[in-house]
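Note sheet for the following structure.
Counting starts at 1 for both ligands and their atoms, following the listed order.
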Amino acid sequence: MADALISVLLERLASTTYEYIGGGVKLVLNVKEDVEKFTQTLRVIQAVLEDAEQRQVTDQAVKIWLDELKDISYQMGDALDEWNTAILKQQVEKQEREQNALVPPNKKVCFSSFSRCFCFGQVSRVIHHHKIAQKIQGLNDRLTEIYEERKKYQFLHKELGIQQPQQPQRPPTASYVNMSEIFGRENEKKVLITKLLTDSSEGGKGLLIIPIVGMGGMGKTTLTQLAYNDDRVKSHFDMRKWVCVSDTFDEIKIAKAISGDDAPSSNELDYVLECMSKSIQGKRFLLVLDDVWTHHQKKWEQIEIPLIQSGAKGSRIVVTTRIHEVASMMRAKAHMINLGELSEQICLSIFNHMALSDRDVHQSKVFGDISKEIVKKCKGLPLATKTLGSLMQNKRTMREWKEVLNSKIWDLEKVEQEVFQPLFLSYYDLAPTIKCCLLYCATFPKDYEFERDDLINLWMAQGYINLRGNKDKGTTGDTVFDNLVARSFFQEFEKHPKNGTITSCKMHDIVHDFVQFLTTNECLIIDHVDCATSESKVLGDKVRHLTLRYVPQGPLPLPYNCKKLRTLATFDSRITTIDPNLILQLKCLRTLNLSGNSIKELPEVIGELIHLRNIDLSHNRHLKKLPDTICGLYNLFTLCLFKCSKLKKLPENIGNLINLKHLYVEECSDLESLPRGIGRLTSLRTLDVFLCDGDKEEALQVGDMKNLNLEGSLEILLVADATDKSEVERAQLWEKKLFDLTIDFKRQTNSISSVEILNALRPHPDLESLEIWNHNGPWPNWIQSFHNLRFLTVCRWTVCELWPLGKLESLETLTLWGMVGVKKVGVEFLGLEDQTSFRVRSPQISFPKLKKLTFHNMCKWEEWEGVEDWTKEDSEITIMPCLSELRIVDCALVKALPEFLFKTPLQTLDILDSWTLLERYQHGNREWAEISHIPNICIPRMLPRRQWKVSQDFCYDPKHLHFPQMMVTRSAHL
Ligand SMILES: *[C@@H]1O[C@H](CO)[C@@H](O)[C@H](O)[C@H]1NC(C)=O
Ligand SMILES: *[C@@H]1O[C@H](CO)[C@@H](O)[C@H](O)[C@H]1NC(C)=O
Ligand SMILES: *[C@@H]1O[C@H](CO)[C@@H](O)[C@H](O)[C@H]1NC(C)=O
């Protein structure tokens, strides 16, 4: 942990800047030299950390030394941060002066009035900077002492080290396995053996590579052993070899292992490879490379090429690995077998086999129930199950069994040694930054669903990764996240419906136990603490991240001694008030998450927690306002205010938050407008709802978007008529790299201006997803030029006609919702050129990419016109060739589906609350035949007309009954 922490700090030290602090402050400036000296010293210490980390386990003195080092590193991080904050403050003040110079004197607003606690004059500023400089100097001295002290321990020096400190080693595996002791994995075994035996080698090359991927302890090796020893497999191959690769991918060692008895004694790579080639020449071989970590393409190819060239057709390589990139590196993803958790039933069989097999029937019965409970703790991980099973082998009494059941799993030494072992291997293989990021996950409770973007922001808040990140070094937030995914630390992914990126995931319980084990002293989760008990709780002085769960209604309870906290988060809590004196202690805080409580007011002193990067106050339904002092938190990066439904306004000076990158105000239903100062936040990338009230001069206007570098997703909520076209054009929306845009005319009554505004809101041509709500004029004039548009939702429009949307060549999902003026969906909707009047009949495709089509709540819609009367027989038109889902909900009058639909590859058809259609397509009717070929149909059974009432539980396959997601997410605006 110290190792990771210090690498991260060193990167920060390297990028410290000293500009800005000029003028009268020069005299205190030996800061630069101090920081440089500190950096040098730390570099030298870094070289012994690996050894120190190993030794601290057994040597208490080393542990104390390391703790001291960590503490100083943290403090240095804080000092640098104070330094930076001072620079930021100067920037803000400069901006204010410039801003003020533009405003006529009579309208001058005093921007700085709020910053009582930051009110330094020139003199006090010098003193302030002097203090920081002194602090840095002090830390420097202390570090020097630590540096001297290290000599006492005679640590192994990394570069000089003759002998590297021992990293945990994986015991070598062999191919032997006792078949009668394997449970489960029948399916995977079948798949694997089929891949081994079937003679369909790809692309002409006679060699197929089959990667088996899964987290440590999931049974990859066991599965491979099973297949390796299968009799059919044995007789199918001329030659089988099992090579345990593990941590270093040593081509020579591997090649020699393949050559077996023919291996040369030379270590000349070329020669060794040649011998290897000879030994497999013309043979159909099966090679197992167990536990591969490298994704070093060159190294791999050196071995791969001779294997391909020499082996006979039908040869196979099975590779087990816990890193997905290994499969990609070998270009073998198509044949990858992913190993997931075992069922509880199978785990129970394993456990009982290990724990109870040599006991009498009576004993087995007695421990039967408790077995089940213990197995639950293993969460489908075969290794954990086996370990616990073997642990129980010599436990005879109920008391002993219960002890295991009630202990935290990592307190069991055997678990630490055996189950965590494979995880340790994965962990040590991570870069320092990624280690820090992984460990931070220990601040969340088990089974928590991590959101990619939130988690990245939290990492940034702690300074593990910075804004710029370094893509090559893999230190951008996204690469860290993807790395943890690829190494099986995360699982159960949710993918973004629009672009397939993994947006959220969970952590396997055992992995969570493991990170908690590694952070025992630093991350703490306390349940059910209230004010009465909190004072008696003394926090260990190494706790940096505190998570409180189930706090009862009342004040925020903070244990005594929490000055060092960098994270404070609550889960499932009902805090109502916050004592200013308590929160004032938290001077090092980076992340404050008080989401989901019932806080009415945030104390003003929050403005003094200058390191704060991330504040989450979402779902505080009683919060009416934020203190102005929050605008002095120049480091603030993320401010989440989702669903603070009573929040009336944001602080005027919010424009001072020059680092603010993400501001979330969705579903703050009482929020009438946003302050104009937001227009100055040039760092802002995300503002989920751009709320504009054209009636109020002091409120944010659409045009204020001009200076914001918004990207990604945006919702523009126009709450009044007054906005005019020129104001909207000033925003230059087409310049913003948005791929997802929602425009909602919340209170627009005048249809002329509504369409003018919509026309002026022409988005970036790369836009992929568009929603337009509550528009009461015709279609915008730019719609036809959106060649990249993949998702379109139009909702609650008053128009009677549909634009020829069939022309949008990239459109994949179309939702028409509440288009109450539409009586007929005519043939023009398809966007085809009229065949009768057109001379040249070129082939045409309407809606070439459309997959999902939804009509919802179109109460006047009666007719959906087909193309029968309209096209000549010999015309070549194709309509919706990719359509797979059609959903018609709440469209009571529409009579029939057009015939062209029955020629599409429709997979799912849902018709709900659309009586006329429902009646027509009932099971058993003549018309049923037209749709009966569709695999998933949801058409509720109709009762006789008099008793019309829907019985929604009647669906042909209830699994496929989902309502459009919009219904949930947008309901607040409906
Ligand atoms: C394989 O396991 C079974 C069941 O545990 C046991 O009876 C048998 O002796 C084992 N065979 C060998 C060779 O270890
Ligand atoms: C996918 O969409 C999400 C959410 O809109 C966005 O944050 C992410 O950057 C997108 N990913 C790609 C690869 O476009
Ligand atoms: C804050 O905590 C809540 C649970 O109380 C969690 O759902 C949310 O994701 C957290 N916010 C951030 C930004 O981590």
Side-chain angles (χ1 to χ4, degrees), residues 436-465 477-478 480-481 484 490 492 494 502-507 512 515 523-529 544-553 556-558 565-576 578 583 586 589-599 602 606 609 611-623 626 630 633 635-645 657 659-668 685-688 712-713 969:
C436 287
C437 293
L438 174 68
L439 295 183
Y440 191 74
C441 298
T443 60
F444 289 88
K446 273 211 170 84
D447 216 33
Y448 178 77
E449 191 168 337
F450 294 97
E451 300 280 335
R452 171 194 284 259
D453 293 341
D454 287 349
L455 191 57
I456 291 175
N457 283 335
L458 294 171
W459 291 336
M460 278 193 201
Q462 297 299 324
Y464 301 147
I465 46 182
D478 283 313
V480 171
F481 187 90
L484 291 173
F490 289 142
E492 289 184 51
E494 290 287 332
I502 294 175
T503 52
S504 73
C505 60
K506 289 187 171 179
M507 189 171 245
H512 191 269
V515 292
C523 301
L524 188 63
I525 299 183
I526 313 183
D527 291 348
H528 302 288
V529 63
R544 313 272 171 182
H545 309 284
L546 178 64
T547 304
L548 303 174
R549 291 199 299 178
Y550 318 117
V551 179
Q553 198 158 6
L556 167 72
L558 272 187
L565 287 187
R566 297 176 158 244
T567 303
L568 176 62
T570 59
F571 282 80
D572 304 306
S573 293
R574 300 187 354 239
I575 296 163
T576 49
I578 299 173
I583 204 152
L586 309 175
L589 211 59
R590 299 319 201 249
T591 287
L592 177 63
N593 185 350
L594 294 172
S595 118
N597 286 290
S598 307
I599 296 165
L602 208 57
I606 187 133
L609 311 185
H611 299 291
L612 268 176
R613 302 285 199 280
N614 199 319
I615 300 182
D616 190 347
L617 295 169
S618 307
H619 302 272
N620 274 289
R621 283 148 211 261
H622 301 286
L623 191 69
L626 297 176
I630 223 172
L633 296 173
N635 288 305
L636 200 64
F637 200 77
T638 311
L639 181 57
C640 286
L641 300 167
F642 286 115
K643 266 203 176 161
C644 288
S645 43
L657 293 175
N659 268 349
L660 195 66
K661 203 170 172 217
H662 310 285
L663 176 59
Y664 299 98
V665 292
E666 202 174 315
E667 297 189 38
C668 292
R685 294 285 175 283
T686 319
L687 171 58
D688 53 353
S713 260
T969 57

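Heavy-atom contacts from other residues, nucleotides or ligands closer than 6.0 Å to CD of Gln553 number 12 or fewer.
Considering both main-chain and side-chain atoms, Asn593 comes within under 3.5 Å of ligand 3 through a nitrogen or oxygen pair.
Using a 30° and 60° split on the angle between ring planes, His528 and Tyr550 fall in the parallel class, below 30°. The aromatic rings of His662 and Phe637 lie perpendicular to each other, with more than 60° between the two planes, well past the 30° mark.
The distance from the NZ atom of Lys446 to the CD1 atom of Ile525 is 9.0 Å, given to the nearest 0.5 Å.
Between Phe571 and Tyr448, the ring center distance clears the sub-6.0 Å criterion.
Of all the atoms in ligand 3, the ones that sit under 4.0 Å from a non-hydrogen atom of Thr570 are 2 (O), 4 (C), 5 (O). Atoms of ligand 3 lying under 4.0 Å from at least one heavy atom of Leu458, given by number and element, are 14 (O).
When heavy-atom distances to ligand 3 are checked against a 4.0 Å cut-off, Phe450 has no atom that comes that close, whether in backbone or side chain.
Closest to atom 11 (N) of ligand 3, if we only count protein heavy atoms, is Asp616 OD2, 2.7 Å. Closest to atom 8 (C) of ligand 3, if we only count protein heavy atoms, is Tyr448 OH, 3.5 Å.
The closest approach between a heavy atom of Cys640 and any atom of ligand 3 is not below 4.0 Å.
In this structure, the side chains of Leu633 and Leu639 stay at 4.5 Å or more apart for every pair of heavy atoms.
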